[in-house]
Enquirer: 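The structure is given below, and queries will be raised subsequently.
Keep in mind that this is a model prediction, so the values were computed, not measured. Here, residue 1 is the first one in the sequence, and each next residue gets the next number.
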Amino acid sequence: MQLFSNCDQVDTVSAKDNLVVESTNMNKSPRVEFYLEIGDEAMGYFDEQRTKAKEIGLLKSEGKKYQRAKLRYNGDSIVIKLKLKGDLEDHWGGNRYSVRVKMAEEETMFGLSEFALQPPYTRNYMNEWLFHRMLRAEGVMSLDFRFVKVFINGKDLKYYNMEQYFSDDIFKTNKVERTVVVRFNEDEWAPLMLANVGAKRSLEVYHNAEVEVMNKNVVKKDPQRIKYFERATEILKKWRSDSISTSQAFDVEKMARFWAVSNIVNTGHANCWNNRRFYYNAQNDVIEPIGYDANPSDTVRRVFVKFPSLGYNCSDFFKDDDFARAFLIEMRRMSDPKYLDAFFKTNRDTINDMIDMIAENKSKYKFNESLIYYNQGVIREKLPKWEEEYFKEEERVE
């Protein structure tokens with residue numbers, strides 16, 4: 001599948017035009033077809049774990065053990081490991097369910113050694129691709145995200161999203177030095193959410209959560225990467241405890257762009273503490289954001305108050321005035337309608353191709369570009385008041 005293609009035409013709209021891009025050619029052949037072959041014993045295990053998860057509303061870690069399977073693609077049959085993925089029911093509650101694929105050693109698929117296959121609704125169809133593609137255009141780390149057709153034991157499950165995981169190929173995908181990817185441990189988060197204990201308890205868990213490294217079994221064999229992990233942990237813990245500022249802990253420009261894209265696309269989910277993933281830039285000794293699990297909303301939520309209240313503990317980033325100013329500069333640039341005009345023009349062919357794929361799953365699927373333009377308009381309306389607080393009069397943009 002050709003990603004990031006160019007075209008010559010672009011549709012420029014305002015929110016009231018309510019533009020939607022619809023499927024244009026339902027007869028195109030699938031770009032990629034994956035045939036998963038799962039034996040009776042492994043399938044029995046998956047069915048049992050899904051049944052248990054449905055009883056309590058949560059897929060526990062013991063339900064996520066890898067099983068052997070085969071992946072057939074382009075006439076080749078490859079031995080893989082496969083497991084269920086996703087804490088909550090949207091991933092495993094229906095007739096189609098999410099899995100994580102781990103390729104055999106030295107094997108990759110489109111350069112990926114580990115990836116998720118998920119029903120499109122788990123990432124809100126095209127919206128997740130939009131988030132990652134926009135981040136990549138801004139030079140912010142993102143995941144390889146595409147759509148592939150999936151068959152399980154001969155059953156046509158139509159199109160799934162194929163989402164890169166945090167194995168070492170993520171460094172090659174983003175053309176950065178191989179160091180470490182880290183996150184705050186989220187083991188306690190899902191049970192708390194289901195118990196509906198509220199934001200205060202979630203923040204307590206966040207402030208006590210350990211920093212953990214992704215791809216741990218590989219990292220622990222490399223003394224240099226262990227040092228990277230220790231340094232990344234030190235930075236994040238100091239920042240979380242307010243010992244250092246956002247601009248001391250993070251790459252300010254990239255973090256500002258990450259937050260600006262998050263506002264344009266409305267990705268509150270990606271900004272919750274349990275979904276944050278970070279890259280340690282050893283050369284500059286700073287932390288960088290990585291886009292993950294944005295699940296951008298199809299509706300405009302009232303998140304544009306003073307600064308975005310997207311997810312738990314987001315205000316911590318904006319305690320630093322230097323970072324707040326960097327964020328506002330990026331917001332001013334990205335809220336210009338010409339910014340989206342150029343983005344959609346560059347990606348028009350890819351967008352149309354993906355809509356055709358998704359339409360096999362959801363025949364009346366519509367990708368509402370005007371909603372993104374509307375978000376821009378909300379931001380433009382709020383910006384002057386925000387800028388008054390952080391910039392001198394001669395620095396403001398009229």
Side-chain angles (χ1 to χ4, degrees), residues 56-61 64 85-88 90-91 131 135 140-141 143 165-166 180-216 219 228-252 254-256 258-259 261-263 266-281 286-297 301 303 305-320 323-324 327:
I56 61 173
L58 177 68
L59 182 63
K60 293 186 174 181
S61 57
K64 301 177 183 178
K85 78 165 291 287
D87 294 325
L88 303 181
D90 59 320
H91 282 283
F131 172 68
L135 287 179
V140 179
M141 289 184 68
L143 304 182
Y165 191 59
F166 296 94
V180 291
V181 173
V182 295
R183 67 176 180 181
F184 292 109
N185 182 283
E186 58 180 288
D187 290 348
E188 291 188 49
W189 172 82
L192 281 174
M193 193 198 71
L194 289 174
N196 197 25
V197 296
K200 182 178 179 180
R201 177 66 181 123
S202 179
L203 284 174
E204 289 175 358
V205 172
Y206 162 69
H207 281 289
N208 289 299
E210 289 299 319
V211 178
E212 62 182 10
V213 68
M214 310 296 287
N215 206 15
K216 177 174 62 176
V219 171
Y228 290 151
F229 170 50
E230 291 171 347
R231 177 58 180 154
T233 300
E234 179 185 12
I235 292 172
L236 283 173
K237 285 187 172 182
K238 283 184 175 180
W239 170 74
R240 184 175 60 180
S241 66
D242 290 331
S243 298
I244 59 175
S245 67
T246 298
S247 54
Q248 290 173 309
F250 297 96
D251 182 309
V252 171
K254 290 182 179 180
M255 187 59 78
F258 175 86
W259 276 93
V261 169
S262 294
N263 276 266
N266 195 12
T267 63
H269 201 252
N271 300 86
C272 295
W273 70 263
N274 54 292
N275 290 325
R276 295 175 191 157
R277 302 293 184 268
F278 301 108
Y279 166 70
Y280 174 61
N281 183 325
V286 292
I287 304 294
E288 296 183 18
I290 307 174
Y292 173 65
D293 198 0
N295 200 10
S297 175
R301 293 183 291 181
V303 296
V305 187
K306 175 183 176 183
F307 284 135
S309 54
L310 296 171
Y312 296 133
N313 200 42
C314 293
S315 61
D316 279 8
F317 287 94
F318 295 92
K319 292 176 181 177
D320 181 348
F323 174 71
F327 165 74

Enquirer: Closest heavy-atom contact between Phe184 and Ala209?
Expert: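 Closest approach of Phe184 to Ala209: CD2-O, 4.0 Å.
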Enquirer: Where do Glu288 and Val140 land on the side-chain contact (heavy atoms from CB on, under 4.5 Å) test, with the steps shown first?
Expert: CA-CA 8 Å; Glu288 296 183 18; Val140 179; over 6 Å; no
Enquirer: Please answer whether the main-chain N or O of Val211 pairs with a side-chain N or O of Asn185 as donor and acceptor at a distance below 3.5 Å.
Expert: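 No; judged by distance alone, with no hydrogens or angles, the pair does not exist.
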Enquirer: Taking the side chain as C-beta and beyond, is there a heavy-atom pair between Arg240 and Tyr206 under 4.5 Å?
Expert: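 Yes, close enough: below the 4.5 Å cut-off.
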Enquirer: Taking all non-hydrogen atoms of both residues into account, name the closest pair between Pro296 and Phe131 and its distance.
Expert: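 Looks like CG-CB, 4.3 Å.
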Enquirer: Mind checking ring pair (Phe, Tyr, Trp, His ring centres under 6.0 Å) for Tyr280 and listing every partner two or more places apart, or none if nothing turns up?
Expert: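 So Tyr280 forms a ring pair (Phe, Tyr, Trp, His ring centres under 6.0 Å) with Tyr228.
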Enquirer: For Ser245 and Gln248, which I'm curious about, is there any donor-acceptor pair between the side chains at under 3.5 Å?
Expert: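 Yes, because at least one side-chain N or O of Ser245 sits under 3.5 Å from a partner of the opposite role on Gln248.
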Enquirer: I'd like to know if the side chain of Thr267 reaches the main chain of Ala294, judged simply by a donor and an acceptor atom lying under 3.5 Å from each other, with no hydrogens or angles considered.
Expert: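 Checking the backbone N and O of Ala294 against the side chain of Thr267, no donor-acceptor pair under 3.5 Å is found.
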Enquirer: Indicate yes or no for a side-chain donor-acceptor contact from Asn275 to the backbone of Asn271 under 3.5 Å, with no hydrogens or angles considered.
Expert: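 No: the side chain of Asn275 does not pair with the backbone of Asn271.
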Enquirer: State which residues pass salt bridge (Lys or Arg N to Asp or Glu O under 4.0 Å) with Asp251; sequence neighbours excluded, sorted by chain then number.
Expert: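 Applying salt bridge (Lys or Arg N to Asp or Glu O under 4.0 Å) to Asp251 gives none.
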Enquirer: Measure the acute angle between the ring planes of Phe250 and Trp239, then classify it against the limits of 30° and 60° as parallel, tilted or perpendicular.
Expert: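 If you compare the ring of Phe250 with that of Trp239, the planes turn out perpendicular.
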Enquirer: Look at the rings of Trp259 and Phe318 and say which category their plane angle falls in: under 30° parallel, 30 to 60° tilted, over 60° perpendicular.
Expert: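 Taking Phe318 first and then Trp259, their aromatic rings stand perpendicular (interplane angle over 60°).
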Enquirer: In Å, rounded to the nearest 0.5 Å, how long is the span from CG of Asp293 to CG of Asn295?
Expert: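 That separation rounds to 6.5 Å.
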Enquirer: Which atoms form the tightest heavy-atom contact between Val182 and Phe229, and what is the distance?
Expert: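 Heavy atoms of Val182 and Phe229 come nearest at CG1-CD1, 3.7 Å.
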Enquirer: Could you tell me the separation between the CZ atom of Phe278 and the CE atom of Met214, rounded to the nearest 0.5 Å?
Expert: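 Between Phe278 CZ and Met214 CE, I get 12.0 Å after rounding to 0.5 Å.
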Enquirer: For Phe166, give me all partners under ring pair (Phe, Tyr, Trp, His ring centres under 6.0 Å), at least two apart in sequence or on another chain.
Expert: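 Listed in chain order: Tyr292.
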Enquirer: Restricting to salt bridge (Lys or Arg N to Asp or Glu O under 4.0 Å), what partner residues turn up for Lys237, sequence neighbours left out?
Expert: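 Applying salt bridge (Lys or Arg N to Asp or Glu O under 4.0 Å) to Lys237 gives Glu210.
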Enquirer: Of all the heavy-atom pairs spanning Gly291 and Leu143, show the shortest one and how long it is.
Expert: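 What the structure gives for the nearest pair is O-CG, 3.5 Å.
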Enquirer: Looking at NE2 of His91 and CG of Leu59, how far apart are the two atoms once the value is rounded to the nearest 0.5 Å?
Expert: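 Nearest 0.5 Å value for the NE2-CG distance: 10.0 Å.
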Enquirer: Under the salt bridge (Lys or Arg N to Asp or Glu O under 4.0 Å) test, which residues partner Glu234, sequence neighbours left out?
Expert: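 Only Arg231, Lys238 meet the salt bridge (Lys or Arg N to Asp or Glu O under 4.0 Å) criterion with Glu234.
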Enquirer: Please find the pair of heavy atoms, one from Asp316 and one from His207, that lie closest to each other, and give the distance.
Expert: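 Heavy atoms of Asp316 and His207 come nearest at OD2-CE1, 4.4 Å.
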Enquirer: Measure the CD-CZ distance between Glu212 and Arg183 for me, rounded to the nearest 0.5 Å.
Expert: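 Going from CD on Glu212 over to CZ on Arg183, the span is 4.0 Å.
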Enquirer: With rounding to the nearest 0.5 Å, note down the distance linking CG in Leu135 to NZ in Lys254.
Expert: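 Atom-to-atom, Leu135:CG and Lys254:NZ are 11.5 Å apart.
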Enquirer: So how far is it from Thr246 OG1 to Ile287 CD1, rounded to the nearest 0.5 Å?
Expert: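 So the OG1 of Thr246 and the CD1 of Ile287 are separated by 12.0 Å.
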Enquirer: Does the side chain of Tyr279 reach to within under 4.5 Å of the side chain of Val180, using non-hydrogen atoms?
Expert: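 No, side chains not in contact.
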Enquirer: Please name all residues satisfying salt bridge (Lys or Arg N to Asp or Glu O under 4.0 Å) with Arg277, sequence neighbours left out, ordered by chain then number.
Expert: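 Partners of Arg277 by the salt bridge (Lys or Arg N to Asp or Glu O under 4.0 Å) criterion, ordered by chain and then number, come out as Glu186.
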